[in-house]
Structures are given as C-alpha cells and as structure tokens.
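See below for the structure under consideration.
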Amino acid sequence: MTASANKKVAHWLLLGAFMIMIQVMLGGITRLTGSGLSITQWNVIMGSVPPLNDAQWQQAFDLYKETPQYKLMNSDMTTDGFKSIFWWEYIHRLWARLIGFAFVIPLIYFLQKKMITRQLGKQLLIIALLGALQALLGWIMVQSGLIDKPWVNPINLSSHLMLALILFSYIFWVALSLLQPPMESGIVLKTKRFSVMLLVLLFLQILYGGLMAGNKAALSYPTFPKIGTYYIPDGLFSLEPWFVNFFENSAMIQLIHRTLGGIVAILMIYFFWQTRRQKVTALLKRALRWLPSLVILQVLLGILTLVNSLGRIPVVPGVLHQMVALLLLTVMVIIHFQLSGKRDYTAD
C-alpha cells in the first residue's frame, strides 16, 4: 500500500479518535448536569428524531417520571426543566451514532479500493469490537440507574469511561503506525519502561476520577489540602466487605485519587526533566514540551473542581478536568509510541 493510502486511512482514524474525544466531553457534561437518565428508551432506528411537539415531549416526560431519579430527586421538575436535561443526553447518544457512521461509511470505501491490508483489517476488527462493547456497556450503565437507585452504578460509569479511553488510545496508536513517524534511537530501556509505568498509573488515576464522579465523592469533602478536617480521613474501611471501600467509600476514593494524582504529577515532571535534553525526534520533542504544562493545569483544575463542589459539582471545571486528562493521555500515547522502537507496518 502506498504512503498516500496510509495517510488517508490514518486521517480517517484520527477523525474517529477526535470524535471519541468529543464524546467523552459530552459524557462529562451529561453526567454533571444530571442528564444521563432522562431518556428511558432508545429506538435504534427512530431514536435520532427528538420529540417534535408538546404531546411527544409530554410522553417522554411521563416515561421519565417513572424513574427513581425523578421520584427521589426531581419530583418538582417541570417540562422545561426536563427538556434542559433531555438535550444533553440526546446529543450524547446521537453523537455516538455519528461515530458509527463515520467508521462504517469510509471503511466500505477503503475496502472497495483495497486499501485495507489483512493486518490492518484485524486491528479494525478489534476497534469495531471495542466500539460495540462500549455501546453495550453504555446501555448497561443507563439501565443501572432506572431500576432502584436514582443514579448510574459508579463502577459501570467508570468502566464505560475507561473503555472509551482504551478505544481512543488504540485507534490513535494504529493511526500513528500508519503515519510511521521517525522512531527514536539511543533512548535507554529504562526510559521506555518509565513511559509504560506512567501510562498505567495515568489509566489508574483516570479510573479513580471516574469513581470520584460516579460516587459524587467531591461533595463529601470539598476541601484542600485536607480531606475534611484531616489529611487522612476517618472511616476508610467503614463498608463491608472491606474491598468495597476501594470502589464505593468516598473517603477512600478521595484519598487514593489525591495521593495518586500527586504521585503521577511528580513522576511526569521528573520524566520530562530526565528526557528534555536527549536527542529526540520532532514529534517526541513537541509531546514532551506539552507534558509539564498539562500536568500543572490538570492539578489546578482538580483543586478548583473540588473546592467548588458545594452542593453540586461545577460543570465547567469538572469537564475541563476530564478533558485535560484525555489530552495528557494523548501525549503519553505519543511518547510511548515514539519510545517503543517498534515499527508496526500495518499497511505494507
């Protein structure tokens, strides 16, 4: 396959990665505005058409009135209030459908032009399976909030977020493989291993960010640097069985998220300091330059979101905090790809 064909397919995949990034942002807005359970039914064929008249709006509102969220939290909501939460969830679901079209339609074209090799076909199949699993997990997540509790299960929410980031990272990696940027030479093995460790810790930190969001843990301790009145709060193992505390205990989740966040920030800045003077390619140099700025911005946004979580979590800093985490992940994927030294000629 020619370099021109590689570039076209890579740009298609990069578009898909960008659309997933927008979807993550929409998911954050949907969660923070309490909109995620506003649509109780989703017709695969006709679901792209929202309510068009007062009767249809009332029908959708009546379905929402049967949910635990309405009965326990929003029983005084008006039709106008329902519309305000409906639209964010509607846009979130509609954008997911657009991602599907953006994947399938160009894929058909590339297949007809014989621009998909066997190796690349296997990678695209993995992408398709991850996308299907993500859609299924999203459905399970919403269903978990329509039965007994007025919110989605925090573990389901965090899993939904993590799978989206895994899908994003894999698509981005395959696109980089097709573009085949010059790889690094002379980088010590320890640096490569360091990048792997940072990626693992970053994924773990984002997972606990999802658990913070799902459990609304910021509302319990909207203070910094102390967690409430202590640096190490009481009741870290107040739930039974003991391991549940790592997923459902707000005190434990906050302690882990804050501590791990500090560790990741320090290690990333140290990584930048250790590699800044090495002879590297232009792509890696640009990625390294972004690293400390994004780390500092992410820490500040986390603190800003936390101390303003009085009664409700603020939408703007909360969404920005999530998006900067995704940008950090993007930079780390680029860094590790460049340091990996492995050329994946998926389109040869």
Self-check item: Chi angles and distances behind the side-chain contact (heavy atoms from CB on, under 4.5 Å) call for L178, K7
Solution: CA-CA 7 Å; L178 288 168; K7 196 171 183 180; over 6 Å; no

Exercise. Verify side-chain contact (heavy atoms from CB on, under 4.5 Å) between F337 and F172, making sure each step is shown before the conclusion.
Key: CA-CA 10 Å; F337 179 86; F172 196 62; over 6 Å; no

Quiz item: Do you reckon L304 sits in the same ILVMFWY cluster as L294, going by side-chain contacts under 4.5 Å, direct or chained?
Solution: no

Exercise. For residues Y221 and I227, report the shortest heavy-atom separation together with the two atoms involved.
Key: CG-CG2, 3.5 Å

Exercise. Verify the neighbour count for atom CG of N53: are there more than 12 heavy atoms of other residues, nucleotides or ligands below 6.0 Å?
Key: yes

Self-check item: Value rounded to 0.5 Å, distance of CG in L133 from NE2 in H160
Solution: 10.5 Å

Quiz item: Taking S309 for the side chain and P222 for the main chain, is one N or O donor matched with an acceptor at less than 3.5 Å?
Solution: no

Quiz item: Heavy atoms, side chains only, cut-off 4.5 Å: are M21 and L327 in contact?
Solution: yes

Quiz prompt | More than 12 heavy atoms from other groups under 6.0 Å of CD on Q59 | solution = no

Exercise. Decide yes or no for L291 and L328: does some side-chain heavy atom of the first lie under 4.5 Å from some side-chain heavy atom of the second?
Key: yes

Exercise. Using the six-membered ring wherever Trp is involved, compare the ring planes of F61 and Y64 and label them parallel, tilted or perpendicular (cut-offs 30° and 60°).
Key: parallel

Quiz item: Between atom CD of Q180 and atom CG of N6, what is the distance when rounded to the nearest 0.5 Å?
Solution: 5.5 Å

Exercise. Could you pull out the closest heavy-atom pair between L163 and L137, with the gap in Å?
Key: CD2-CD2, 4.3 Å

Quiz item: Does a sphere of radius 6.0 Å around CZ in F247 hold more than 12 heavy atoms from other residues, nucleotides or ligands, not counting ones at 6.0 Å or beyond?
Solution: no

Quiz item: Should W87 and P50 count as side-chain neighbours, where that means a heavy-atom distance under 4.5 Å?
Solution: yes

Quiz item: Any donor-acceptor pair under 3.5 Å linking the side chain of N249 with the backbone of V244?
Solution: no

Quiz prompt | Minimum side-chain heavy-atom gap F271-T191 below 4.5 Å | solution = yes

Quiz item: With side chains defined as the heavy atoms from C-beta onward, is the minimum distance between I303 and L306 less than 4.5 Å?
Solution: no

Quiz item: For S35, which residues count as a side-chain hydrogen bond (donor to acceptor under 3.5 Å, both in side chains) partner, sequence neighbours excluded?
Solution: T33

Quiz item: Do Q58 and D54 have side-chain N/O donor and acceptor atoms under 3.5 Å apart?
Solution: no

Quiz item: What's the spacing between T330 OG1 and F168 CZ if we round to 0.5 Å?
Solution: 3.0 Å

Exercise. Would you confirm whether Q134, through its side chain, and L167, through its main-chain N or O, come within 3.5 Å as a donor-acceptor pair?
Key: no

Practice problem: Please name the pair of heavy atoms, one in P233 and one in L236, separated by the smallest distance, quoted to 0.1 Å. | Solution: O-CG, 3.4 Å

Self-check item: Any donor-acceptor N or O pair under 3.5 Å, side chains S220, Q254
Solution: no

Practice problem: Could you tell me whether a side-chain N or O of S84 sits under 3.5 Å from a main-chain N or O of G81, the two making a donor and an acceptor? | Solution: yes

Quiz item: Considering residues, nucleotides and ligands other than K83, do more than 12 of their heavy atoms fall under 6.0 Å from its NZ?
Solution: yes

Quiz item: Can you tell me how far the CD1 atom of I313 sits from the CE atom of M212, to the nearest 0.5 Å?
Solution: 7.5 Å

Quiz prompt | Check: W95 main-chain N/O paired with Q23 side-chain donor or acceptor under 3.5 Å | solution = no

Quiz item: Does R258 reach the main-chain N or O of F224 with its side chain, forming a donor-acceptor pair under 3.5 Å?
Solution: no

Quiz item: Mind checking whether F243 and I253 sit in one hydrophobic cluster, side chains of I, L, V, M, F, W, Y counted as touching below 4.5 Å?
Solution: yes

Self-check item: Ring geometry between H257 and H321 (parallel below 30°, tilted from 30 to 60°, perpendicular above 60°)
Solution: perpendicular

Quiz item: Do Y270 and F194 pass the side-chain contact (heavy atoms from CB on, under 4.5 Å) test, and can you show the C-alpha distance, the side-chain angles, and the key distance before you say yes or no?
Solution: CA-CA 10 Å; Y270 176 75; F194 201 165; 3.5 Å; yes

Exercise. Answer yes if I269 and M197 sit in the same cluster of Ile, Leu, Val, Met, Phe, Trp and Tyr residues linked by side chain heavy atoms under 4.5 Å apart, and no otherwise.
Key: yes

Quiz item: Between the main-chain N or O of K226 and the side-chain N or O of Y231, is there a donor-acceptor pair closer than 3.5 Å?
Solution: no

Self-check item: Validation row: I127, F103 side chains within 4.5 angstrom (heavy atoms)
Solution: yes

Self-check item: Set of side-chain hydrogen bond (donor to acceptor under 3.5 Å, both in side chains) partners for S195, sequence neighbours left out
Solution: H336

Exercise. Tell me, yes or no, whether the heavy-atom count around K65 atom NZ, taken from other residues, nucleotides or ligands under 6.0 Å, exceeds 12.
Key: yes

Self-check item: W88, CH2 atom: more than 12 neighbouring heavy atoms under 6.0 Å
Solution: no

Quiz prompt | V174-I126 co-clustered via ILVMFWY side chain contacts under 4.5 Å | solution = yes

Practice problem: Nearest 0.5 Å please: distance from the CD1 atom of I166 over to the CD1 atom of I171. | Solution: 12.0 Å

Quiz item: Could you give the distance from CZ (F110) to CG (L107), rounded to the nearest 0.5 Å?
Solution: 8.5 Å

Self-check item: Flag, side chain of R31 to backbone of L157, donor-acceptor distance under 3.5 Å
Solution: no

Practice problem: Decide if atom CD1 of I232 counts as having more than 12 heavy atoms of other residues, nucleotides or ligands within a radius under 6.0 Å. | Solution: no

Quiz item: Can you check whether L239's main-chain N or O pairs, donor with acceptor, with N245's side chain at less than 3.5 Å?
Solution: yes

Practice problem: Check S169 against L329 and note the closest heavy-atom contact, atom names and distance. | Solution: OG-CD2, 3.5 Å

Quiz prompt | Note, V280 side chain near L339 side chain (heavy atom, < 4.5 Å) | solution = no

Exercise. Considering non-hydrogen atoms only, spot the tightest contact between A251 and D234 and give its length.
Key: CB-O, 4.0 Å

Practice problem: Start with the C-alpha gap between K122 and L125, add the side-chain angles, then the distance that decides, and say whether side-chain contact (heavy atoms from CB on, under 4.5 Å) holds. | Solution: CA-CA 5 Å; K122 293 178 181 178; L125 179 60; 5.6 Å; no

Quiz item: Between S158 and G210, what is the shortest heavy-atom contact and its length?
Solution: OG-C, 3.1 Å

Quiz item: Should V316 and L301 be counted in the same cluster of Ile, Leu, Val, Met, Phe, Trp and Tyr side chains packed under 4.5 Å apart?
Solution: yes

Self-check item: Any side-chain heavy-atom pair of I335 and T275 under 4.5 Å
Solution: no

Quiz prompt | Lys/Arg cation over aromatic W273: R276, 6.0 Å, 45° cone | solution = yes

